[in-house]
Amino acid sequence: MSVYKILLADDEIALRFLLTETLSDEGYAISEVEDGQQAMEQLQKDTYDLIILDYMMPERTGVEVCEWLRHSDNANRDIPVILLTAKALDKDKEKAKAAGVTTYIVKPFSPLQLIDTVGQLLQR
């Protein structure tokens, strides 16, 4: 069985730490970046099974990263993208959906909810 690789992009170090620990404990290999530009650079260097993006990050938002990815010829263009956000308005959800986000998780959320969502997306 191969280990699933996940790219995690979030500018909050404490949340990145929590999510990395939680997902690593489940057996996932996590690569961390702290902003949208770094996420784009990492996606050009490596392939992943899933991407977790924060909505509001420096340099590029999670929506901008997802939109770029979906319209590129990048090897990661069709993999699932989870967007983490405190923005729960319908217009924000529509913007994320239009950009190609697979699933939207509103902060605050339970790490168990994230584990369940990741597991479901990777079993597709």
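Keep in mind it's a predicted model, so treat the numbers as computed, not measured.
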Which donor-acceptor pairs under 3.5 Å do side chains of residues 89-104 form with protein atoms, sequence neighbours excluded?
from, atom 1, to, atom 2, distance (Å)
T102, OG1, R70, NH2, 3.4
T102, OG1, V81, N, 2.9
Y104, OH, K87, O, 2.3

message: If you compare all heavy atoms of D46 against all heavy atoms of K5, which two are closest, and at what distance to 0.1 Å?
response: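 Looking at all heavy atoms of both residues, the closest pair is OD1-NZ, 2.8 Å.
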query: Looking at residues at least two apart in the chain, or sitting in another chain, which of them share a side chain to side chain contact (heavy atoms under 4.5 Å, CB included) with L18?
result: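 Result, side chain to side chain contact (heavy atoms under 4.5 Å, CB included) vs L18: L15, T22, P111.
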message: Applying side chain to side chain contact (heavy atoms under 4.5 Å, CB included), can you list everything that pairs with E64, at least two apart in sequence or on another chain?
response: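 Scan of E64 (side chain to side chain contact (heavy atoms under 4.5 Å, CB included), adjacent residues dropped) gives R60, T61.
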Do you reckon [X] sits in the same ILVMFWY cluster as [Y], going by side-chain contacts under 4.5 Å, direct or chained?
{"X": "I13", "Y": "L19", "value": "no"}
{"X": "I6", "Y": "M40", "value": "no"}
{"X": "I30", "Y": "I105", "value": "yes"}
{"X": "L114", "Y": "V33", "value": "no"}

Close side-chain approach of [X] to [Y], heavy-atom, < 4.5 Å:
{"X": "L8", "Y": "L23", "result": "no"}
{"X": "W68", "Y": "L43", "result": "yes"}
{"X": "I51", "Y": "V65", "result": "no"}
{"X": "D25", "Y": "I115", "result": "no"}

- request: Please test Y28 against L50 for side chain to side chain contact (heavy atoms under 4.5 Å, CB included), starting from the C-alpha separation and ending with a verdict.
  value: CA-CA 10 Å; Y28 299 114; L50 185 129; over 6 Å; no
query: Rounded to the nearest 0.5 Å, how far does CD of E12 lie from CG of L84?
result: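 That separation rounds to 9.5 Å.
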- request: Supply the atom-to-atom distance L7 CG to I79 CD1, rounded to the nearest 0.5 angstrom.
  value: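 One finds 8.0 Å between CG of L7 and CD1 of I79.
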- prompt: Between D11 and D35, is there a donor-acceptor pair closer than 3.5 Å when you use the side chain of the first and the backbone of the second?
  reply: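 Absent.
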task: Verify, without hydrogens or angle tests, whether Q42 (side chain) and Q38 (backbone) share a donor-acceptor contact under 3.5 angstrom.
output: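 Looks like no, no N/O pair under 3.5 Å.
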query: When you look at CZ of F17, are more than 12 heavy atoms from neighbouring residues, nucleotides or ligands closer to it than 6.0 Å?
result: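 Count not over threshold, so no.
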message: Show me the pairs that pass side-chain hydrogen bond (donor to acceptor under 3.5 Å, both in side chains) and involve residues 108-123, at least two apart or across chains.
response: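 Those involving residues 108-123 do not exist here.
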task: Mind jotting down which residue pairs meet the side-chain hydrogen bond (donor to acceptor under 3.5 Å, both in side chains) criterion with at least one end in residues 74-84? Sequence neighbours excluded, please.
output: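 Every side-chain hydrogen bond (donor to acceptor under 3.5 Å, both in side chains) pair that includes a residue of residues 74-84, provided the two are not neighbours, is N74-N76.
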Solution key, residues 52-59 side-chain donor-acceptor pairs under 3.5 Å, sequence neighbours excluded:
from, atom 1, to, atom 2, distance (Å)
D54, OD1, K107, NZ, 3.0

